[in-house]
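Right, one structure below, let's go through it.
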2 protein chains.
Amino acid sequence: MRVSLKDVALRAGVSIKTVSNVVNDYQHVTPAMRARVQQAIDELGYRPNVTARHLRNGRTGIIALALPELGNPYFAELASAVIDAAAGHDYIVLLDHTGGRREQEMLVSQGFRALVIDGLILSPLELADEDLSGRTEQVPLVLLGERHYDLPYDHIAIDNVAAARAAVRHLLDLGRREVAFLGAQPRRNRPAELRVRGWREELAAAGLDAGEGLVAATDGWGHEDGARAMARLLDAGRRPDAVFASNDLIAIGAMRVLSERGLRVPEDVAVAGFDDVVEGRYGAVTLTSVSPDKAAIARMAVASVLDRLDGADRPARRQTAGLTLIERESTRGRAARG
Amino acid sequence: MRVSLKDVALRAGVSIKTVSNVVNDYQHVTPAMRARVQQAIDELGYRPNVTARHLRNGRTGIIALALPELGNPYFAELASAVIDAAAGHDYIVLLDHTGGRREQEMLVSQGFRALVIDGLILSPLELADEDLSGRTEQVPLVLLGERHYDLPYDHIAIDNVAAARAAVRHLLDLGRREVAFLGAQPRRNRPAELRVRGWREELAAAGLDAGEGLVAATDGWGHEDGARAMARLLDAGRRPDAVFASNDLIAIGAMRVLSERGLRVPEDVAVAGFDDVVEGRYGAVTLTSVSPDKAAIARMAVASVLDRLDGADRPARRQTAGLTLIERESTRGRAARG
DNA sequence: GTGAAAGCGCTAACAA
DNA sequence: TTGTTAGCGCTTTCAC
């Protein structure tokens with residue numbers, strides 16, 4: 001059986017409370033007493049039972065992080081950042097993935113998978129406002145990655161539209177005139193929708209074609225989706241001189257197809273992605289990409305959860321994390337290695 | 001305040017026990033009673049307090065998974081698989097990363113980061129037998145990915161040596177004669193050590209040079225490590241006709257450098273890696289790689305933990321997960337697309 | 001088949 | 001400064 005406070009108290013010949021005081025670094029304990037108790041603790045190898053402590057004070061020290069897909073390096077890198085940010089506050093992270101499916105995202109938001117958590121950070125792909133409006137679960141919820149939720153939840157956003165526009169402008173600045181968009185099925189309020197919008201706005205601002213013929217939608221966000229979409233576009237007879245993909249994996253899949261078809265990147269087709277995943281920095285052609293500040297996102301998200309736990313009773317807050325466009329070979333050519 | 005069993009009991013006009021019976025699907029409850037209690041539960045929106053339940057029965061429903069680095073897609077993909085495997089048994093997964101650092105791995109193995117877990121799956125990089133021999137933490141520990149631990153812990157291994165030999169043999173079968181090894185600093189019992197050993201054995205069996213001049217050690221397991229190691233080898237005047245890297249990221253980093261130096265893959269240099277990460281399937285040249293069965297590893301690991309939790313009192317078990325060598329363009333050329 | 005009550009290990013009032 | 005005790009919400013004997 002595991003050793004409890006009582007055992008230590010017995011051993012040290014003091015009361016449970018005194019042991020508890022020592023364990024919790026309570027101020028008013030005489031050094032002599034502290035030493036005596038500490039010795040008993042060491043001898044017995046006592047470790048506090050966190051479950052009991054949490055039953056008592058209502059906290060578990062765990063926050064859940066629910067992401068669409070850990071296999072996507074963007075989310076893996078983000079998860080890493082969240083684990084570190086949480087560790088800085090003595091919190092640990094329970095990880096879940098939703099597959100980006102709406103029902104799963106709803107389940108998670110209602111806490112059906114994890115009833116032990118103090119807070120939840122959710123990065124939704126499909127979830128709509130109305131899916132969350134009936135939320136009854138009490139633990140603080142922080143939303144990630146979107147910008148148009150109109151709900152009473154804290155929200156760490158990135159400015160998808162502005163970022164997409166910056167990427168497209170970069171392509172236009174390089175003299176490209178036929179910029180295709182590759183990316184997940186744009187549905188209302190989803191990241192893909194905002195990124196197409198940015199693409200469309202920037203082209204429109206430049207007086208260029210943003211017709212549907214230049215958009216190749218994908219079912220998902222993986223390499224293979226990008227490869228298929230690119231192939232479809234080319235098979236349809238389009239020969240854009242630039243491609244903006246709604247994430248890096250799609251961009252990399254597209255580059256793969258371009259190379260198979262004998263098209264050079266960036267000479268024939270310039271390619272830009274979104275996420276700045278490590279993978280993009282090591283391909284045969286390094287990938288130009290919009291780079292969200294993942295560490296900042298993680299920090300803000302964790303801070304928001306803890307803030308709510310500390311009883312902050314303020315209106316829902318929307319914070320925007322920084323973004324940088326990192327220009328690499330897929331748009332600038334080899335000279336631009338980075 | 002959250003609604004508890006007591007509230008439901010009050011509402012339904014029954015005792016706490018009866019409500020508990022209903023919640024836990026206890027057999028002998030009259031349907032009428034069950035319906036009445038269920039109604040109260042629904043009306044009040046009762047959700048069991050898992051912390052209390054766990055304090056009572058000693059389980060938390062959480063297993064921890066500690067991996068070196070989530071940014072490495074192999075581990076991200078493995079984490080995904082473990083989450084799914086655990087979900088199949090109504091367990092959730094607490095994720096931690098160790099950076100592959102020994103002290104951190106020791107801390108995790110002692111449970112210092114997470115005192116709430118029922119079991120721990122640890123994938124060590126640096127940990128040595130003696131680091132674990134003094135382990136006092138009680139929760140079941142399952143080790144991942146190695147094969148030479150001589151400790152009383154269940155262990156899901158892959159046969160690194162055999163896998164490395166198979167990869168090298170493939171390179172030799174293609175007619176290559178100067179096969180370099182790129183990979184993390186080989187230290188005793190670490191995966192890298194076993195993979196160099198396989199490389200060395202297979203070359204020796206073929207009567208070929210396995211001299212130190214063909215080994216380029218790396219500090220870590222990332223793209224940049226592979227890039228640096230490859231550059232160093234070439235700068236030293238070696239011009240191998242094949243490279244076996246101890247993981248895919250190193251292989252991809254190396255391919256990047258080869259291409260910068262104007263060497264073609266696989267015509268000039270054939271490249272094989274280890275892990276079969278998705279990234280390797282979508283580069284300009286797809287990567288031949290040793291593919292461990294990640295789903296099987298996850299399944300076995302979770303099963304081992306649960307087995308121990310169910311009180312299995314058997315000697316430590318060593319299971320070996322399957323491996324396949326996936327041949328792609330980096331050794332076979334474009335004909336072999338896959 | 002259902003109820004009463006003890007107790008899991010801990011913390012925090014309150015008492016001494 | 002330290003000890004006593006109630007109670008967090010649940011499960012589980014043991015009565016009824």
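To find a chain, count down the sequence lines: A is the first, B the second, and so on, and within it residues start at 1.
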Review point. Does OP1 or OP2 of C/dT11 have a side-chain N or O of A/Asn24 closer than 4.0 Å?
Key: yes

Practice item. Could you tell me the separation between the CG atom of A/Asp7 and the C1' atom of C/dC10, rounded to a whole number of Å? Key: 13 Å

Exercise for review: Return the value, rounded to whole Å, for the distance between atom CG of A/Asn21 and atom P of D/dT4.
Suggested key: 13 Å

Check your understanding: Using 4.0 Å as the upper bound for N to carboxylate O, is an ion pair formed by B/Glu43 and B/Arg11?
Key -> yes

Practice item. For D/dC10, take OP1 and OP2 only and decide whether either is under 4.0 Å from a side-chain N or O of B/Thr51. Key: no

Exercise for review: Identify whether the distance between the nearest side-chain nitrogen and carboxylate oxygen of B/Asp307 and B/Arg314 falls below 4.0 Å.
Suggested key: yes

Check your understanding: Which part of the nucleic acid, if any, lies within reach of B/Asn49 when heavy atoms closer than 4.0 Å are counted: base, sugar-phosphate only, or nothing?
Key -> sugar-phosphate

Check your understanding: Which nucleotide in the list C/dG1, C/dA13, D/dC10 gets nearest to the side chain of B/His28?
Key -> C/dG1

Point to revise | Short side-chain to backbone donor-acceptor contact, A/Asn72 and A/Glu69, under 3.5 Å | key: no

Review point. Closer than 4.0 Å, any side-chain N/O of B/Thr18 to the OP1 or OP2 of C/dG1?
Key: no

**Study point:** N or O in side chain of B/Ser20 less than 4.0 angstrom from D/dC10 OP1/OP2
**Key:** no

Revision key, fill the gap. By nearest-nucleotide position on DNA chain D, the 5'-leaning member of B/Ala52 and B/Lys17 is B/Ala52

Revision key, fill the gap. To the nearest angstrom, the CZ-P distance between B/Arg59 and D/dT11 comes to 14 Å

Review point. With a 3.5 Å cut-off and no angle check, do the side chains of B/Asn24 and B/Ser20 form a donor-acceptor pair?
Key: yes

Exercise for review: For D/dT11, take OP1 and OP2 only and decide whether either is under 4.0 Å from a side-chain N or O of B/Arg53.
Suggested key: yes

Check your understanding: Which comes earlier along DNA chain C counting from the 5' end, the contact point of A/Val23 or that of B/Arg36, where each point is its nearest nucleotide?
Key -> B/Arg36

Exercise for review: Compare side-chain N and O positions of B/Tyr26 against OP1 and OP2 of D/dT13 and report whether any pair is under 4.0 Å apart.
Suggested key: no

Check your understanding: Looking only at side-chain N and O atoms, does B/Ser15 come under 4.0 Å of OP1 or OP2 in C/dG3?
Key -> yes

Point to revise | Side-chain donor-acceptor contact under 3.5 Å, B/Ser80 with B/Asp84 | key: no

Review point. Could you state the CG-P distance from B/Leu5 to D/dT11, rounded to the nearest angstrom?
Key: 6 Å

Exercise for review: Please state how far atom CZ in B/Arg34 lies from atom C1' in C/dT2, giving the value in whole angstrom units.
Suggested key: 13 Å

**Study point:** Distance, rounded to the nearest Å, where B/Ile16 contributes CD1 and C/dA4 contributes P
**Key:** 9 Å

Check your understanding: In whole Å, what is the span from the CG atom of B/Leu55 to the P atom of D/dC10?
Key -> 12 Å

Check your understanding: Within the structure shown, what part of the strands sits under 4.0 Å from B/Val14 by heavy-atom distance: base, sugar-phosphate, or nothing?
Key -> sugar-phosphate

Exercise for review: Starting from P on C/dA4, measure out to CG on B/Leu10 and report it in whole angstrom.
Suggested key: 12 Å

